[in-house]
2 protein chains.
Amino acid sequence: MPLRVADAARRSGRPVFAVLIEGFADPRNWREWPHEVVRIGAVGRILGALRHAGARQVVLAGRVARPSFLSLRLDGEGVRLLARVGRKAMFGGDDALLTAIVAVLREEGFEPLGAQQIFAALLMEAGCPTRAQPDAEAMEDIRRGIAVARQLGLADAGQGCVVQQGLVLALEAIEGTDAMIARCAALAREGPGGVLVKLVKPAQSRLVDLPVIGPDTIRAAAAAGLRGVAIEARWNNHVGTIVLDRESTISDADAAGLFLLALDPSRILQDEGTTP
Amino acid sequence: MPLRVADAARRSGRPVFAVLIEGFADPRNWREWPHEVVRIGAVGRILGALRHAGARQVVLAGRVARPSFLSLRLDGEGVRLLARVGRKAMFGGDDALLTAIVAVLREEGFEPLGAQQIFAALLMEAGCPTRAQPDAEAMEDIRRGIAVARQLGLADAGQGCVVQQGLVLALEAIEGTDAMIARCAALAREGPGGVLVKLVKPAQSRLVDLPVIGPDTIRAAAAAGLRGVAIEARWNNHVGTIVLDRESTISDADAAGLFLLALDPSRILQDEGTTP
């Protein structure tokens, strides 16, 4: 995903410089790009590298597991930054930390961008582009999944869940979507399979850490016996669930007989209100 | 657990008749007790067995996985009952279904009781009876866990979570507490271990399906590197997290160096408001 964003940025006419976080990005993939590898706690070096490269816009792309405080080994600027963002950000949810990082980048004079602002094709319009379509029972599960994912999102504790026949089979915390889907194989009931619901968190910093699905998600969903995947459609031009490699995602879903539905969660919950 | 409840009921002077749900209760454990084994979908036979035994009070004890609609094979009375409770109960959360079952038992003239109303020693007063006590950082994790568990509970989608250093490692759906704890071993960060938080759902039918911990929970928590367990203390005389075999639970926690804290979640969240 970060490489795709770099590509899209270059194609849009922006020169690209990559700051790779040690242990998370593989420098071998970035040989063709100007880049620097930096420890995550070396905040001063990260900001310095961005300034030295003349960067004005910064895109946070890819996943970095939040390190423990002990392994963080903050440099001097990192310690000053921690004092500034405070423990609420460190001990709140992922969203609190990311919001703080985005705020710091802004204060330091950079313009933080979301990957989807560089690469609009990552988001989907509302609709169901697969051959399979959700039936009434699947829509029932999707409604329940939306209500659950909303609650999770309000607690800034996750973005996804799997619902089958009204039963919440699994809730996603930090294990990752694929791991969550995998354990559903053993938890599923007989009969029509479950639905993965993967939404944007209501309080989420809209720029970073948007939920992501792709061909891997479809593969995991098919293996676990799910019937389909429901995601958040693009809204406000740059918010929604990111779909990596949309063509393969849709054709893989078609091959496996799964539906992929992009929707507006608020509208779905409203509809429920009128048809009890 | 159901056998303990039967014992406690008999010691309180109540004659006991057990209706065992086929596939979930093992009849070999119930040889000394008058009982009948019934399919879960055979609602008419279940109610008939209770009436025939002259039962007035009914305790729902033990866990029954919600069957799929296909495997339910409802009898005539079951079909009538389904029509009565409606699809909201079948497709809502566990709590919706259990609330419906309790309501039906009441309409049929029985008095539904919670296991903890027969066996008061199952609940704990507020306090920390272990040698280990939560430090400030653990209390921080507990506060976050309470906020998350509350949101989960509002969606009627779970009762437990594990939080480490502010990070939600795992959320419990239907996999069971021990399975949720087990996956935390691989997800944990360096440094101080996480905390299991296991609370009553806000909207929970207070009679049935209260959260349960016991020596198995302590064993799983210790194996996954957790530092302690926070549960909901008794309130209103018969609501709280059920602790099976309290003495062993506490002594096992002491042996493993874990704390066990029984608390009032509302009070903990209030305290947070005053010390930001």
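Here is how names work: the chains are called A, B, and so on, in the same order as the sequence lines, proteins then strands, and each is numbered from 1. The structure presented is a predicted model; accordingly, all values stated were derived computationally and were not measured.
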Smallest heavy-atom separation, A157(B) atom then L171(A) atom, equals O-CD1, 3.7 Å
What pair of heavy atoms forms the shortest contact from A155(B) to Q151(A), and how long is it? CB-CG, 3.5 Å
Where does R183(A) contact chain B at under 4.5 Å (heavy atoms): side chain, backbone, both or neither? side chain
Considering only heavy atoms from C-beta outward, does the side chain of L152(A) approach that of L152(B) to under 4.5 Å? yes
Would you check if I174(A) and R189(B) make a side-chain contact, meaning some heavy-atom pair closer than 4.5 Å? yes
Carefully, step by step, assess R144(B) and D156(A) under the rule side chain to side chain contact (heavy atoms under 4.5 Å, CB included). CA-CA 10 Å; R144(B) 175 117 173 85; D156(A) 190 12; 4.3 Å; yes
Quick one: which of M180(A), E172(A), E175(A) has the most heavy-atom pairs under 4.5 Å with chain B, could you say? E175(A)
